[in-house]
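One structure is given below, encoded as structure tokens.
Here the structure is a predicted model, which means the values were calculated and not measured.
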There are 2 protein chains.
Amino acid sequence: MVSVEEQLKSMKQQMISKGYKSTIQREATMRVLLEHERDHMSAEDVYMRVKTRFPEIGLATVYRTLELLTELHLVEKMNFGDGVARFDLRSEDHEHMHHHMICSICGEVEEIQDDWLSELEQRVKREYGFNVSDHRLDFIGTFSSCKHGDCHRHRENAS
Amino acid sequence: MVSVEEQLKSMKQQMISKGYKSTIQREATMRVLLEHERDHMSAEDVYMRVKTRFPEIGLATVYRTLELLTELHLVEKMNFGDGVARFDLRSEDHEHMHHHMICSICGEVEEIQDDWLSELEQRVKREYGFNVSDHRLDFIGTFSSCKHGDCHRHRENAS
DNA sequence: ACGTTTAATTAGAATGATTATAATTTAATA
DNA sequence: TATTAAATTATAATCATTCTAATTAAACGT
């Protein structure tokens with residue numbers, strides 16, 4: 001619904017309004033994120049994609065930008081237990097309202113675009129006096145398609 | 001209900017029955033885990049504790065033992081997004097039936113000793129054709145006690 | 001109990017992801 | 001346009017974890 005350019009503009013404004021500068025490196029990084037909204041890219045993945053269009057950029061800059069965007073809650077930093085942090089844009093509409101299915105055969109990560117936890121968050125509040133501001137729900141298992149051997153990539157790293 | 005010695009014996013038997021050897025280093029490591037059942041220790045934490053009683057042990061051995069125990073499903077390897085893997089014993093009674101509350105003020109991790117996800121796992125199966133073998137549910141937020149400033153340790157690492 | 005075999009341990013080096021540093025550049029603002 | 005502080009660059013450093021080669025020790029059969 002919202003174009004890449006519009007989203008980019010909005011992100012830049014949020015940066016500036018918080019006192020951060022809008023640079024071409026940050027813009028390039030955000031653009032890559034916008035074009036791979038739900039790809040669960042590692043910092044290295046993002047770096048490589050940014051580099052194809054902006055070869056002078058440094059890896060550290062990408063790391064710092066991703067960190068900044070995480071602080072601003074514009075991207076979500078995730079961790080699937082393989083030792084690499086992964087980053088996704090948080091589009092306004094589905095904030096952190098999604099969960100993951102992680103295939104233990106091929107490592108593929110798919111999303112569930114729903115928030116199934118509202119009730120449980122209430123319960124945590126009631127029973128434990130814990131105010132939930134965020135959550136993470138990952139299911140580990142196998143897709144029926146993977147069980148039958150027709151997996152995309154075959155897995156090289158264990159959780 | 002089960003004594004440390006009994007649990008240790010059972011763990012050793014499981015090792016041997018799977019073709020692995022029972023060594024004093026592994027025993028020392030398991031003993032530490034048994035004595036810190038739900039402490040979410042990092043490999044380094046475990047190493048330091050083992051080392052007080054068995055100073056000749058190497059860090060790599062602890063890592064390898066934790067990895068082995070994870071494979072045997074005797075310990076659970078977790079990841080709270082701070083870049084360090086954490087390990088807990090899986091006592092027979094509550095397998096992986098627990099969730100975490102992670103305080104964003106002090107970093108403390110507390111457990112919910114319940115499985116709230118059975119229904120959701122059915123739903124994942126039905127709606128996505130994904131067979132769940134395990135899951136992870138973490139709530140991020142604040143304990144009421146922490147909001148009032150009386151926190152144990154103050155936080156130095158962000159998620 | 002003893003030797004053989006093979007896995008496990010050790011110390012230390014290597015790796016891979018991430019973060020810090022110091023010098024240089026650039027965006028924002030007057 | 002000049003100033004100033006923040007951002008970037010390249011590179012070194014760090015941290016967690018894994019690998020390697022040489023040595024030690026469990027398990028098993030005799």
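At whole-Å resolution of the value, OH in B:Tyr20 and P in D:dA25 are 22 Å apart. Nucleotide D:dA7 holds its C1' atom 11 Å from the CD1 atom of A:Ile57, rounded to whole Å. Between the P atom of D:dT18 and the OH atom of B:Tyr47 lies a distance of 16 Å, rounded to the nearest Å. Rounded to an integer number of Å, the gap from CZ of B:Phe54 to C1' of C:dT10 is 11 Å. Distance B:Leu68 CG to D:dT17 P: 17 Å, rounded to the nearest Å. The distance from atom CZ of B:Phe80 to atom P of D:dA16 is 16 Å, rounded to the nearest whole Å. One atom, CD of B:Glu27, and another, C1' of D:dA25, lie 15 Å apart when rounded to the nearest Å. Straight-line distance from the CG atom of A:Asp82 to the C1' atom of C:dT15: 16 Å, rounded to whole Å.
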* Asked: Can B:Glu71 and B:Lys77 be said to form a salt bridge (charged side-chain N to carboxylate O under 4.0 Å, His left out), step by step?
  -> CA-CA 10 Å; B:Glu71 270 169 39; B:Lys77 183 175 179 180; over 6 Å; no
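When the nearest nucleotides of DNA chain C are assigned to B:Lys21 and A:Glu67 by heavy-atom distance, the more 5′-ward of the two goes with B:Lys21. Residue order along DNA chain D, read from the 5' end via each residue's closest nucleotide, puts B:Ala43 first among B:Ala43 and B:Ser22. Residue-to-nucleotide proximity on DNA chain C shows that, of B:Lys51 and A:Ser42, the 5′-proximal contact is made by B:Lys51.
Counting heavy atoms from C-beta on, the side chains of A:Gln7 and A:Met30 never come closer than 4.5 Å. In this structure, the side chains of B:Val109 and B:Phe80 come closer than 4.5 Å at one or more pairs of heavy atoms. Side-chain contact between A:Val75 and A:Leu33 is present, with at least one heavy-atom pair separated by less than 4.5 Å.
Using a 4.0 Å heavy-atom cutoff across all strands shown, B:Arg64 reaches at least one base atom of the nucleic acid. The residue A:Glu44 sits apart from the nucleic acid: no heavy atom pair falls under 4.0 Å.
Taking side-chain N and O atoms only, B:Gln25 has a distance below 4.0 Å to OP1 or OP2 of C:dT10. Dashed line: the shortest gap from a side-chain N or O of B:Arg26 to OP1 or OP2 of C:dT9 is under 4.0 Å. For A:Thr23, no side-chain nitrogen or oxygen approaches OP1 or OP2 of C:dT26 to under 4.0 Å.
Side-chain atoms of A:Leu59 lie closest to C:dT18 of the nucleotides D:dA10, C:dT18, D:dT17. Side chain of A:Ala85, nearest nucleotide from D:dT8, D:dA6, C:dT18: C:dT18. When distances run from any side-chain atom of A:Ile16 to the nucleotides C:dA8, C:dA28, D:dT17, the shortest one goes to C:dA28. Comparing D:dT8, C:dT19, C:dA27 by their nearest atom to the side chain of A:Tyr63 picks out C:dT19. Counting only heavy atoms from C-beta on, B:Ile24 has its side chain closest to D:dA26 among D:dA16, C:dT10, D:dA26.
Aromatic pair A:Phe139/A:His99: ring centres not closer than 6.0 Å. Aromatic pair A:His40/A:Phe87: ring centres not closer than 6.0 Å.
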